[in-house]
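What follows is a set of notes on a single structure, which appears directly below.
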Amino acid sequence: MDKTYDPQAIEQRTYARWEALGCFAPAGDGPAYCIVIPPPNVTGTLHMGHAFQDTVMDALTRYHRMLGDAALWQPGTDHAGIATQMVVERQLNGEGLTRHDLGRERFVERVWQWKEQSGGTIARQLKRLGASVDWSRDRFTMDEGLSRAVTEAFVRLYDEGLIYRGKRLVNWDPVLKTALSDLEVLSEEEEGRLWCFRYPLADGSGHLVVATTRPETMLGDTAVAVHPEDERYRHLVGRTIRLPLADREIPIVADEYVDPAFGSGCVKVTPAHDFNDWEIGERHRLPVINILDADARLNDAVPGAYRGLDRFEARKRVVADFEALGLLEKVEPHKLMVPRGDRSHTVVEPWLTDQWYVRIAPLAAPAIAAVEDGRIRFVPENWDRTYFEWMRNIRDWCISRQLWWGHRIPAWYGPDDAVYVGRSEAEVRARHGLGPDVPLSQDEDVLDTWFSSALWPFSTLGWPDRTPELARFYPTSVLVTGFDIIFFWVARMIMMGLKFMDDVPFREVYVHGLIRDHDGQKMSKSKGNVIDPLDIVDGIGLEQLVAKRTTGLMQPHLAAGIEKATRRQFPAGIAAYGTDALRFSFAAMATQSRDLRFDLGRVEGYRNFCNKLWNAARYVMIATEQDPGEGPAELSLADRWIRARLDAATRAVRDGFAGYRLDLAAQAAYEFTWYEFCDWYLELSKAVLQSPEAGDAARRGTRRTLLGTLEALLRLLHPLMPFITEEIWCRVAPRAGMAGATIMQAPFPAAAGEAEAAVLDEMRWVMDFILGVRQIRGEMDIAPSVRFDVLLQDAGPEDLARVARNAGCLERLANVVRPRALAADESPPPAAAALLGGMKILVPMAGLIDVAAETARLGKRRTRLQQELARAEAKLGNASFVQNAPAAVVEQEQGRVAQFKRELEQLAAQLERLASLG
RNA sequence: GGGCGCGUAGCUCAGCGGUAGAGCACUUCCUUGACAUGGAAGGGGUCACAGGUUCGAUCCCUGUCGCGCCCACCA
């Protein structure tokens, strides 16, 4: 093995070997375990959030595969309607074209081309991350099978009356010129204004004042509303307003919606351009005047002067005209929530159109019940509150989009606007007895991307066919997802799964936090803080990183700032840390927190961990080169101890996986590997293997423990660090007596029985002995190379027995010559002291140690002990504590007091001796 | 206006009704045959604040302050 861990050298070839071995497909007769990947955008690239999430899913999958489950991690990608269409449109714009220049058919062809060209990126990235997805089952939301599922679902829902077509207000994106669902509209508070207009009464007897944040909509006003109880206006209800500019007469109506305390207590009503006003309009049967075109310019329903104006132009014009007429009462600054499209970021307009909707309440009810009764469990569980909150107030889902890229709605229009829904035009004709002469045209619109995503857990397994995979793997085991798409995706999958499969789509939903940058900022291109996960794996130079971050910006003026920040943060670019270090970092970050701050320092730390593991393995391989052959083995104290500690670590790692606490699993594995296996056991093993006195039985015991522990440790770590563990395992396993072509197919370690208390006790004593001596060495600045004498004062028989049994270890790890017990009448030389139980470990000063320094050191310890003692005594002095606390706790406290007292006595004696020397 | 979350070492975060933990950073010593991507030792925290429950609270409850996220139709 090379001296230094080199991820580049080992990661490249391993994945291909796994694929060749066919390790990724579910195997065996074990229980089914299935995760469906949240499909990334087919034309996108994996960002840190994906890499994190994929690491979690791969770790879970590998873990369950090693447990013997038939584990399937179902891969696939999403066509991502709007996002993908926008990318291709932008490409066209670069060529001076629009999609309309190409026409629908050629445009869609072009998108497919782009998909073919860039669609392999995700797969390549996943492979670099070590993702053990079953590539033979790879799916795409627009592939033939999934498209069939989409059509089937649509038709069935329509036939049941759960999908309908309706003319009503939708969120209209005037830039993308499509309807959006409520979820795709993001409202943010912005600084705006509140304009107060005077609306003259038609009879000339005065005016009412109405306030608005969108003056241009007044051209579509069809009423003014007041509260029915409002004394100020009661007498005006039923009378009319002469609407300025539009020169129409509109009624004054009374409606409970109006808040008399806000503004003047009068509200202008524009049913065609405001969701609330629409409802008021319905209640009062008001006319609906649509004043906007698809691109939010004023249409012919407004007076000539305003026609063709953009909505914001029109706003200025309307305000100016009101002012000119002396009808502008006042303008004040006003904060308001502005709805914007999540893709275009343009202000969304409520607009009256024909759209397709899913009647959601009947689907939501069973989906709520499934979580209420525990058939689906959120982890952490408080996310169910968020889920319930949304599901109980859910509104019908607008699923039609005026795009070209997506699943075409399976509806056909005949003469007289008759609507036919079916799986194909042929089926429609057959079902409705329409001859070939009847002209039919298919709906131009496509479905919301999330409609196909909602079917993902069963469509990928073959639905609507009843495939063996569907029977075996549905319901899937767990959904791993970020909380940002609970509504978009999780809730809808639950509804559709229950609807079409009559069962939940997954039993658990593991909701993880979102990856943010070091400062807690969301990673985004425009912030310039994006890190490509593969750049951490492979490394990247500073210039390349700067280039990557500053090209293709939507707002090029940000480039300079991004470059500066990047140069400051990564003066040397990013080093190549390898996949395993990155994965282990992700696992360690996977706390229950919502915001997961990504810190490269941590990756470096875990790269070092990989190196540590690598070198530990190197040592084990070198140390076990010599085979003492078959024969009885004898386990040393250290051998027994490390086996017990491995069991404890195994339990902790298993618990971590079971509770979706990969951070705790990673921590347990890390601490065992470094602090127990490497820091202690490997050193202790040297005391046996490098001792001329050790017999073959002892050598066998240590050799087998070294190999066995390392081999099991590799399996313990494998789900988190697949590459390095595979690489080492292939060398270690044969020597450890494990057969198999790959660690992927080896069983996950199981914890054996309870550890023997005597082993743990004695090992604790050995460690404390060594630590006591090391502390003197460290604080007295004695070089590690200096080997000194150690004397034992007041050693009991058990102490002496332990010294005898563990002499080799003590000498080696504390770097002392064989400890010698002082005779009863022998007076100790000037020495530094460490306490171990009733015994004093003395390090004779002999020119090594300064009296003053040792006095100071012991004095500090005494102070600390005195504080502890005082606290413990106060506790025991409290009668109600002794009375009420559990006996074990009281006993423990009493033990501590006794211990402190004894140590203080020893310290006092020692300090006295030192004083007499001074 | 509702819902949720967070405030623990300089930084990033675990933890937990009974001696405050880790990584990184920091100080000192050390190239000892696995590893300087390392080893040994060390410094550093009234666990945001105030009440309450309890024998005992960093942990449970209430409130306050600060920070964040999500949902929501006030013109």
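Lettering of chains follows the sequences in order, A, B, ..., and the numbering in each one begins at 1.
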**Prompt:** Is the base of B:U19 touched by the side chain of A:Arg896 through a donor-acceptor pair closer than 3.5 angstrom?
**Reply:** yes

**Message:** Is A:Asn608 close enough to B:U37 that one of its side-chain N or O atoms is under 4.0 Å from OP1 or OP2 there?
**Reply:** no

**Prompt:** What distance, rounded to whole Å, do you find between the two P atoms, one in B:C6 and one in B:A75?
**Reply:** 32 Å

**Prompt:** Does a salt bridge link A:Glu625 with A:Arg735, judged by any charged N lying under 4.0 Å from a carboxylate O?
**Reply:** yes

**Item:** A:Tyr675 side-chain proximity, nearest of B:C74, B:A34, B:A22
**Value:** B:A22

**Prompt:** Do the side-chain N or O atoms of A:Asn815 get closer than 4.0 angstrom to the phosphate oxygens (OP1, OP2) of B:U32?
**Reply:** no

**Prompt:** Please give, in whole Å, the distance from B:G42 C1' to A:Gln775 CD?
**Reply:** 9 Å

**Rounded distance (nearest 0.5 Å) linking atom CD of A:Glu190 with atom CZ of A:Arg340** = 4.0 Å

**Message:** To the closest 0.5 Å, what do you measure between CG (A:Asp221) and OG1 (A:Thr270)?
**Reply:** 4.0 Å

**Dot-bracket notation for RNA chain B, counting Watson-Crick and G-U pairs under 3.5 Å, with | for partners on another strand** = (((((((..((((....[..)))).(((((.......))))).....(((((..]....))))))))))))....

**Request:** Determine the interatomic distance between C1' on B:G15 and the same-named atom on B:A20; round to the nearest Å.
**Result:** 9 Å

**Item:** Any A:Arg661 side-chain nitrogen or oxygen under 4.0 Å from OP1 or OP2 of B:C13
**Value:** no

**Asked** Side-chain N or O of A:Lys612 less than 4.0 angstrom from OP1 or OP2 on B:G39?
**Response** yes

**Request:** Indicate whether OP1 or OP2 belonging to B:U19 is found under 4.0 Å from a side-chain N or O atom of A:Lys875.
**Result:** yes

**Request:** Pick the P atom in B:U32 and in B:U37, then give their distance to the nearest Å.
**Result:** 15 Å

**Request:** Give a yes/no answer on whether the side chain of A:Gln892 brings an N or O atom under 4.0 Å of OP1 or OP2 in B:G18.
**Result:** no

**Complete:** Quick note, A:Asp663 side chain, CB onward, closest among B:A14, B:U12, B:U37 is B:A14

**Item:** Side-chain N,O (A:Arg385) to OP1/OP2 (B:C4) below 4.0 Å
**Value:** yes

**Request:** Pick the C1' atom in B:G43 and in B:A25, then give their distance to the nearest Å.
**Result:** 13 Å

**Asked** When the nearest nucleotide of RNA chain B is assigned to A:Arg864 and to A:Ala588 on a heavy-atom basis, which residue is associated with the more 5' position?
**Response** A:Ala588

**Gap in Å between the two P atoms, one belonging to B:G10 and one to B:G68, rounded** = 22 Å

**Message:** Is it the case that the base of B:A40 and the side chain of A:Glu779 share a donor-acceptor contact (distance under 3.5 Å, atom types as modelled)?
**Reply:** no

**Prompt:** Out of B:A34, B:C71, B:C55, which has the shortest distance to the side chain of A:Phe487?
**Reply:** B:C71

**Prompt:** Between A:Tyr670 and A:Tyr606, does the ring centroid distance fall short of 6.0 Å?
**Reply:** yes

**N or O in side chain of A:Arg812 less than 4.0 angstrom from B:U32 OP1/OP2** = no

**Message:** Would you measure the distance from the P atom in B:G18 across to the matching atom in B:A57 and give it in whole Å?
**Reply:** 11 Å

**Message:** When you measure from the side-chain N and O atoms of A:Lys686 to the phosphate of B:A34, is any distance below 4.0 Å, counting only OP1 and OP2?
**Reply:** yes

**Prompt:** Is the A:Tyr387-A:Trp383 ring centre distance short of 6.0 angstrom?
**Reply:** no

**Asked** Which nucleotide, B:A34, B:C29, B:A75, lies nearest any side-chain atom of A:Val258?
**Response** B:A75

**Asked** Whole-Å distance between B:G18 C1' and A:Phe881 CZ?
**Response** 7 Å

**Asked** Taking the same atom, P, in B:G42 and in B:A48, what whole-Å distance lies between them?
**Response** 27 Å

**Message:** Taking atom types as they are modelled, would you say the side chain of A:Arg594 forms a donor-acceptor pair with the base of B:C4 within the 3.5 Å cutoff?
**Reply:** yes

**Item:** Main-chain N/O of A:Phe723 paired to A:Asp580 side chain as donor or acceptor, under 3.5 Å
**Value:** yes

**N or O in side chain of A:Ser785 less than 4.0 angstrom from B:U32 OP1/OP2** = no

**Request:** Provide the distance between the two P atoms, one in B:G21 and one in B:U27, to the nearest whole Å.
**Result:** 24 Å

**Request:** Look at the side-chain N and O atoms of A:Tyr387 and state whether any lies under 4.0 Å from the OP1 or OP2 oxygen of B:C71.
**Result:** no

**Message:** Distance criterion of 3.5 Å, no angle test: do you see the side chain of A:Arg597 paired donor-to-acceptor with the base of B:U12?
**Reply:** no

**Prompt:** What is the distance, rounded to the nearest whole Å, between atom OH of A:Tyr619 and atom C1' of B:U32?
**Reply:** 14 Å

**Asked** Can you tell me if the side-chain N/O atoms of A:Trp680 get under 4.0 Å from OP1 or OP2 in B:A40?
**Response** no

**Prompt:** Between A:Val185 and A:Gly778, who's closer to the 5' end of RNA chain B by nearest nucleotide?
**Reply:** A:Gly778

